[in-house]
2 protein chains.
Amino acid sequence: MVTTQSDSVLHGSPYRADCPTRHILDRIGDRWTVLVVGALWDGSARFSELRRRIEGVSQKMLTQTLRGLERDGLVRRTVHPQVPVRVEYTLTEAGRTLRAPLRALEEWSIAHLGDVTASQEAYDRAD
Amino acid sequence: MVTTQSDSVLHGSPYRADCPTRHILDRIGDRWTVLVVGALWDGSARFSELRRRIEGVSQKMLTQTLRGLERDGLVRRTVHPQVPVRVEYTLTEAGRTLRAPLRALEEWSIAHLGDVTASQEAYDRAD
DNA sequence: CAGGATCCAGGCCGATACTG
DNA sequence: CAGTATCGGCCTGGATCCTG
C-alpha cells in the first residue's frame, strides 16, 4: 500500500525519514543478514550448519536473523517432521536476487580494503 | 584488532570473524554512511547543508559519520578560514566509486519493497 | 557556523537455562 | 536438533550545553 506513490521516491530524496528504502537498509545493515544470505547462496542448509559456517554468530542472532529474512520473504523455512527435527533454510527467488547487489558491495570491499586501511593509518598517524 | 595480513582472507570465507570485509560492511551498515554518500553525490556540501538534507540525523551522528568517512579516505574535508568558518565536504575519487554498489542496493530496495512488505503482512497475519 | 563534551535511556546482543 | 525465554552488560545514538 505504502509503495504505490509517485516516482518521486525514485528520484526524490531517500534522505527523508519516511523513505521506505531506509527500512531495507536497516535489514541489510546488520552484519548477520548479509552473511546468512551469503551462506545460503550455494544451496539450503540446516540451522546448525549455518551456525557452524558463520563464525561468531550466536544462536539467538542466527534465529532472529532467519526469522527476519523469512518474514521478508527472502528465506524459506522447511520443517521435516522427523526425530530429531530437521529444519532446512533456503533462499527464495526474491532472496536470490539479493545476490547481485550484495556481491557488488563485497567486491567493492575487497577492491578498496587496502586503500581504506592505508588511509586510516595515515589519518591516525597525523593529528 | 587491526589485522591487514594474509591474503587467504581475501578469497576465503567472509564468514570468518576476522574477515576484513566485515569492517567495510560495518561502515556501510550504518544508515547514515549510505545517506551521507548519497547526499554528497551531486557535489560538495557544507555541514549544516548536509544536516538539512539528511532528515533525522543528529549533529553528533553526522559529525561522527563524516569523520569516519574522512578517515577511510572516502570524503575530503576542506576548511575555508573565514569568519564564520566554512567547511566543505566532498567525495574523493574512492568515495565516488562507492556509488555503483550503493546504487545497486538502493534499486533493489525500490524494486522489492512491495514484495517484502506484502510478505511481512502475510507473515504477521498467519501464525 | 561547525563542532566538542557530557549525560543518559533504550536496544542490541551474548550467555545461560530450559523445551519438544 | 532446533529452537524459546530471560537476565544483564555494553554500546549506540539522541538531547543538551558549550566553544572558536
Side-chain angles (χ1 to χ4, degrees), chain A residues 15-18 22-23 25-36 39-40 43-72 75-90 123-124 126-127, chain B residues 1 15-18 22-23 25-36 39-40 43-71 75-90 123-124 126-127:
Chain A
Y15 318 115
R16 314 304 292 259
D18 59 343
R22 282 212 186 171
H23 183 258
L25 278 180
D26 286 349
R27 277 232 142 283
I28 306 305
D30 86 277
R31 50 177 347 95
W32 304 125
T33 297
V34 177
L35 296 175
V36 166
L40 282 175
S44 52
R46 307 180 56 175
F47 185 86
S48 47
E49 205 175 333
L50 287 174
R51 195 171 172 187
R52 249 176 291 113
R53 278 199 218 172
I54 305 175
E55 187 169 303
V57 70
S58 68
Q59 167 268 333
K60 179 181 176 183
M61 280 302 99
L62 183 52
T63 300
Q64 201 168 294
T65 305
L66 285 168
R67 288 291 174 281
L69 284 169
E70 190 193 358
R71 194 173 99 105
D72 289 352
V75 158
R76 179 171 29 250
R77 179 172 180 270
T78 318
V79 182
H80 301 274
Q82 307 174 347
V83 200
V85 188
R86 174 188 180 84
V87 181
E88 292 232 319
Y89 292 94
T90 321
Y123 185 96
D124 294 342
D127 57 312
Chain B
M1 46 194 321
Y15 315 115
R16 314 305 291 257
D18 59 342
R22 281 213 185 170
H23 184 258
L25 278 179
D26 285 350
R27 278 231 141 286
I28 306 306
D30 86 275
R31 46 171 358 93
W32 304 123
T33 297
V34 178
L35 295 175
V36 165
L40 282 175
S44 52
R46 307 180 56 174
F47 185 85
S48 46
E49 205 176 332
L50 286 174
R51 196 170 172 188
R52 249 176 292 112
R53 277 199 220 174
I54 306 174
E55 188 169 302
V57 69
S58 68
Q59 168 265 328
K60 179 182 178 182
M61 281 301 99
L62 183 52
T63 301
Q64 201 168 293
T65 304
L66 285 168
R67 287 292 173 278
L69 284 169
E70 189 192 358
R71 195 174 98 104
V75 157
R76 180 169 28 251
R77 178 172 180 272
T78 317
V79 182
H80 301 274
Q82 309 175 346
V83 199
V85 189
R86 175 188 180 83
V87 181
E88 291 233 320
Y89 292 95
T90 321
Y123 184 96
D124 293 343
D127 194 43

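Just so we're on the same page: letters track the sequence lines, and every chain starts at 1.
- To the nearest angstrom, C1' of D:dG3 lies 11 Å from CG of A:Leu66.
- The shortest non-hydrogen separation linking A:Leu40 to A:Tyr89 is CD2-O, 3.4 Å.
- The side chain of A:Arg46 places no N or O atom within less than 4.0 Å of a non-bridging phosphate oxygen (OP1 or OP2) of D:dC1.
- Candidate nucleotides D:dA2, C:dA5, C:dG14 were compared by shortest atom distance to the side chain of A:Arg77, and D:dA2 ranks first.
- A distance of 10.5 Å separates CD of B:Glu49 from CD1 of B:Ile54, quoted to the nearest 0.5 Å.
- Closest to the side chain of A:Lys60, from the set C:dA15, C:dT16, C:dA5, is C:dA15.
- Checking D:dG14, C:dT16, C:dG4 against the side-chain heavy atoms of B:Gln59 singles out C:dG4 as nearest.
- Contact annotation for B:Arg67: backbone-only contact, meaning every heavy-atom pair under 4.0 Å involves sugar-phosphate atoms and none involves a base.
- Atom CZ in A:Arg86 sits about 13 Å away from atom P in D:dG3, given to the nearest Å.
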Checking B:Val57 against B:Arg31 for the side chain to side chain contact (heavy atoms under 4.5 Å, CB included) test, could you report, in this order, the C-alpha distance in whole Å, the side-chain angles of both residues, the deciding distance, and whether it holds? CA-CA 10 Å; B:Val57 69; B:Arg31 46 171 358 93; over 6 Å; no

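- Contact annotation: A:Ser48 side-chain N/O to D:dA2 OP1/OP2 distance is under 4.0 Å.
- For A:Tyr89, no side-chain nitrogen or oxygen approaches OP1 or OP2 of D:dC1 to under 4.0 Å.
- The one candidate from A:Met61, A:Gln59, A:Lys60 that meets the side-chain contact (heavy atoms from CB on, under 4.5 Å) condition with A:Thr63 is A:Gln59.
- Closest-nucleotide positions on DNA chain C for B:Thr63 and B:Arg52 were compared, and the one nearer the 5' end corresponds to B:Arg52.
- Among the nucleotides C:dC13, D:dG13, C:dC1, the one closest to any side-chain atom of B:Pro84 is C:dC1.
- Counting non-hydrogen atoms under 4.0 angstrom, A:Gln82 reaches nothing in the nucleic acid.
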